[in-house]
There are 2 protein chains.
Amino acid sequence: MDTTHTDEQQRSAAARRRRELLEAADRVVLRDGPQASMNAIAAEAGITKPILYRHFGDKGGLYRALAKRHTDALLSALRAALDAPAERRQRVEATLDTYLAAIEALPEVYRFLMHPAEDAHQPEQGFDVGRHSAPLLRRLGEELAMVIAERVDLGPGSEQLARVWGHGIVGMMHAAGDWWLGERPCSREQLVSSLADLLWGRLAAAGDRADGPGF
Amino acid sequence: MDTTHTDEQQRSAAARRRRELLEAADRVVLRDGPQASMNAIAAEAGITKPILYRHFGDKGGLYRALAKRHTDALLSALRAALDAPAERRQRVEATLDTYLAAIEALPEVYRFLMHPAEDAHQPEQGFDVGRHSAPLLRRLGEELAMVIAERVDLGPGSEQLARVWGHGIVGMMHAAGDWWLGERPCSREQLVSSLADLLWGRLAAAGDRADGPGF
DNA sequence: GACTTCTGTTACCGCAAGTAACACCTGGAG
DNA sequence: CTCCAGGTGTTACTTGCGGTAACAGAAGTC
């Protein structure tokens with residue numbers, strides 16, 4: 001082609017710019033929390049607001065682009081743990097541990113993805129993360145359901161059972177991880193094995209205590 | 001004791017007013033979704049903004065008061081199911097069913113408690129529910145942990161195990177319920193028994209499918 | 001009648017999302 | 001060389017929210 005701007009060059013330039021903007025947004029969000037303003041993000045990127053809006057449409061669009069990066073990274077790590085060649089319990093534990101290690105390593109990213117507007121000292125402006133955290137959990141749940149359905153022999157109604165379990169297990173992992181990240185009541189290994197024990201029916205198998213009719 | 005305003009009368013009048021305001025806020029939130037504005041709530045109550053602020057401090061205060069009502073109601077229903085005299089599996093199922101019945105009966109309340117800013121067509125102003133949904137789930141998790149710890153014989157480390165399980169089970173129930181409420185893929189009874197099966201270790205007990213190394 | 005206290009109001013501030021309108025550069029077309 | 005097209009970027013604005021003075025009336029107390 002010619003010496004100058006072809007369409008492809010323009011497109012790749014735009015994509016590169018988009019990546020730069022996303023990285024700037026990432027820095028600001030990780031520094032200021034989820035209530036980072038569009039002005040602040042634009043300033044971090046060295047530009048002004050309307051450019052952000054030209055690239056991402058609105059704040060939700062920017063957020064979605066930002067969340068997709070992290071979400072995809074987490075998902076591929078989980079898939080790897082889930083597909084490793086080992087027996088079931090080990091793989092469940094590895095998957096739980098991968099998730100917990102991820103949220104432990106980058107708690108700001110995690111909080112940004114899952115919790116809207118942490119410290120709203122001023123008004124409550126902030127990324128509407130709640131609306132988008134559901135999609136992440138849903139994706140995880142569906143993904144896990146697929147894996148369960150295609151690997152475990154559950155008899156009739158297996159598909160529905162697998163989906164219920166997929167979402168339920170993801171929710172268990174998420175809630176326990178959220179609580180653990182806040183209080184750090186035990187080591188990661190302990191948490192992993194406790195959760196795996198739960199999934200392995202230890203609650204059902206345990207005996208009642210001396211007092212009361214038992215749980 | 002005069003003919004008119006004693007302190008107690010004033011206090012009870014203030015409390016009654018507060019209840020009226022909360023009921024108005026409830027109506028607006030349930031009609032307009034979580035992004036209901038303070039102006040709209042004040043208008044519904046037949047007054048103007050500053051009065052709301054005198055009563056509740058700020059928007060978060062109003063939200064907390066609003067959430068506490070629903071949360072307390074849900075919690076007492078769950079406690080009843082959890083404390084019923086029956087064997088463990090039946091009580092687990094009854095508790096799950098109570099929770100699911102509650103969110104099924106009043107999905108708007110549920111969404112308000114759990115999901116921030118549903119339809120932000122305008123900006124993303126809305127109640128910062130995410131910050132407060134965590135407390136609800138935490139309360140549920142801790143409550144369940146107490147029940148488990150005092151009823152089930154778990155041997156050494158039982159307290160930590162019970163807390164992990166409490167939060168994990170609550171998260172499982174929450175995520176599965178959220179997904180079920182959105183997609184309605186099966187009946188409530190089916191969901192309940194599927195989740196109970198999961199807790200009873202059916203995932204661990206199931207065999208591998210013909211292909212692959214098994215999950 | 002003055003003083004407090006509770007009710008309520010109007011009018012404003014600050015700040016954030018989002019937009020319109022304008023300015024600049026750079027390369028190709030007549 | 002000039003004019004146009006499409007990208008970059010800007011300033012300045014609107015709208016709508018949370019939140020807050022500052023003020024006004026009613027009613028009981030001294």
Side-chain angles (χ1 to χ4, degrees), chain A residues 1-18 20-21 24-25 28-29 32-64 116-117 119-128 131, chain B residues 1-18 20-21 24-25 28-29 32-43 45-64 116-117 119-129 131:
Chain A
M1 312 302 184
D2 219 322
T3 57
T4 48
H5 299 174
T6 72
D7 284 5
E8 295 164 14
Q9 279 177 329
Q10 283 191 9
R11 221 173 338 182
S12 81
R16 193 168 55 245
R17 195 84 180 96
R18 189 184 161 95
E20 291 172 11
L21 297 184
V28 175
V29 161
D32 294 358
Q35 87 284 4
S37 79
M38 293 297 266
N39 257 326
I41 294 174
E44 169 73 26
I47 53 165
T48 49
K49 262 196 301 179
I51 303 184
L52 282 183
Y53 283 95
R54 283 225 264 269
H55 273 271
F56 300 104
D58 65 350
K59 195 171 188 170
L62 191 154
Y63 170 77
R64 263 176 302 259
D119 59 325
H121 34 68
Q122 290 289 102
E124 309 201 9
Q125 322 265 32
F127 278 101
D128 183 3
R131 258 182 98 198
Chain B
M1 318 294 181
D2 219 320
T3 56
T4 46
H5 299 176
T6 72
D7 283 4
E8 295 164 14
Q9 279 177 329
Q10 283 192 12
R11 221 172 338 182
S12 81
R16 194 168 55 245
R17 196 83 181 98
R18 190 185 160 94
E20 291 173 11
L21 297 183
V28 175
V29 161
D32 293 358
Q35 86 286 2
S37 79
M38 293 297 266
N39 257 325
I41 293 173
I47 52 163
T48 48
K49 262 195 302 178
I51 302 183
L52 283 182
Y53 283 96
R54 281 223 264 270
H55 273 273
F56 301 104
D58 65 351
K59 195 171 189 172
L62 191 152
Y63 169 77
R64 250 162 298 183
D119 59 326
H121 32 69
Q122 290 288 104
E124 309 200 7
Q125 322 264 30
F127 278 100
D128 184 2
V129 186
R131 255 182 103 197

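By convention in this document, chain letters (A, B, ...) are assigned in the order of the sequence lines, proteins followed by strands, and residues within each chain are numbered from 1. The figures that follow rest on heavy atoms only: side chains count, while hydrogens, waters and symmetry mates do not.
- With hydrogens and angles disregarded, a donor-acceptor distance shorter than 3.5 Å links the side chain of Arg64(B) to the backbone of Gly60(B).
- Rounded to the nearest 0.5 Å, atoms CD (Glu44(A)) and CD1 (Ile41(A)) are 9.5 Å apart.
- For Asp58(A), taking side-chain heavy atoms from C-beta onward, the closest of the listed nucleotides dG18(C), dT20(D), dT9(C) is dG18(C).
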Q. Which is it for Leu62(B) and Leu21(B) under the side-chain contact (heavy atoms from CB on, under 4.5 Å) test, yes or no, and what are the steps along the way?
A. CA-CA 9 Å; Leu62(B) 191 152; Leu21(B) 297 183; over 6 Å; no
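- Between Arg18(A) atom CZ and dT8(D) atom P there is a gap of 13 Å when expressed in whole angstrom units.
- Remark: Arg17(B) is in phosphate contact with dG8(C), judged by side-chain N or O atoms under 4.0 Å from OP1 or OP2.
- Which of dA22(D), dG19(D), dT8(D) sits closest to the side chain of Arg54(B) comes down to dA22(D).
- Between the CG atom of Asn39(A) and the P atom of dG14(C) there is a distance of 16 Å, rounded to whole Å.
- Considering only side-chain atoms of Ser37(A), the nucleotide from dA17(C), dT8(D), dG19(D) that sits closest is dA17(C).
- For Ile51(A), the side-chain atoms get nearest to dG9(D) when compared with the rest of dT7(C), dT9(C), dG9(D).
- Here the nucleotide nearest the side chain of Lys59(A), chosen from dG18(D), dA16(C), dT19(C), is dA16(C).
- Residue-to-nucleotide contacts include a donor-acceptor pair under 3.5 Å from the side chain of Lys49(B) to the base of dG19(D).
- Atom C1' of nucleotide dC17(D) and atom CG of Leu52(B) are separated by 14 Å, given to the nearest angstrom.
- A heavy-atom distance below 4.5 Å is found between the side chains of Arg17(B) and Ile47(B).
- At whole-Å resolution of the value, CZ in Phe56(B) and P in dG19(D) are 13 Å apart.
- Comparing atom distances between the Tyr53(A) side chain and each of dT20(D), dC17(D), dA17(C) picks out dA17(C) as nearest.
- One can place CD1 of Ile47(B) at 17 Å from C1' of dG25(D), the figure rounded to the nearest angstrom.
- Between dT9(C), dG18(C), dT8(D), one nucleotide has an atom nearer to the side chain of His55(A) than all others, and that is dT8(D).
- Atom OG of Ser37(B) and atom NZ of Lys59(B) lie 6.5 Å apart (nearest 0.5 Å).
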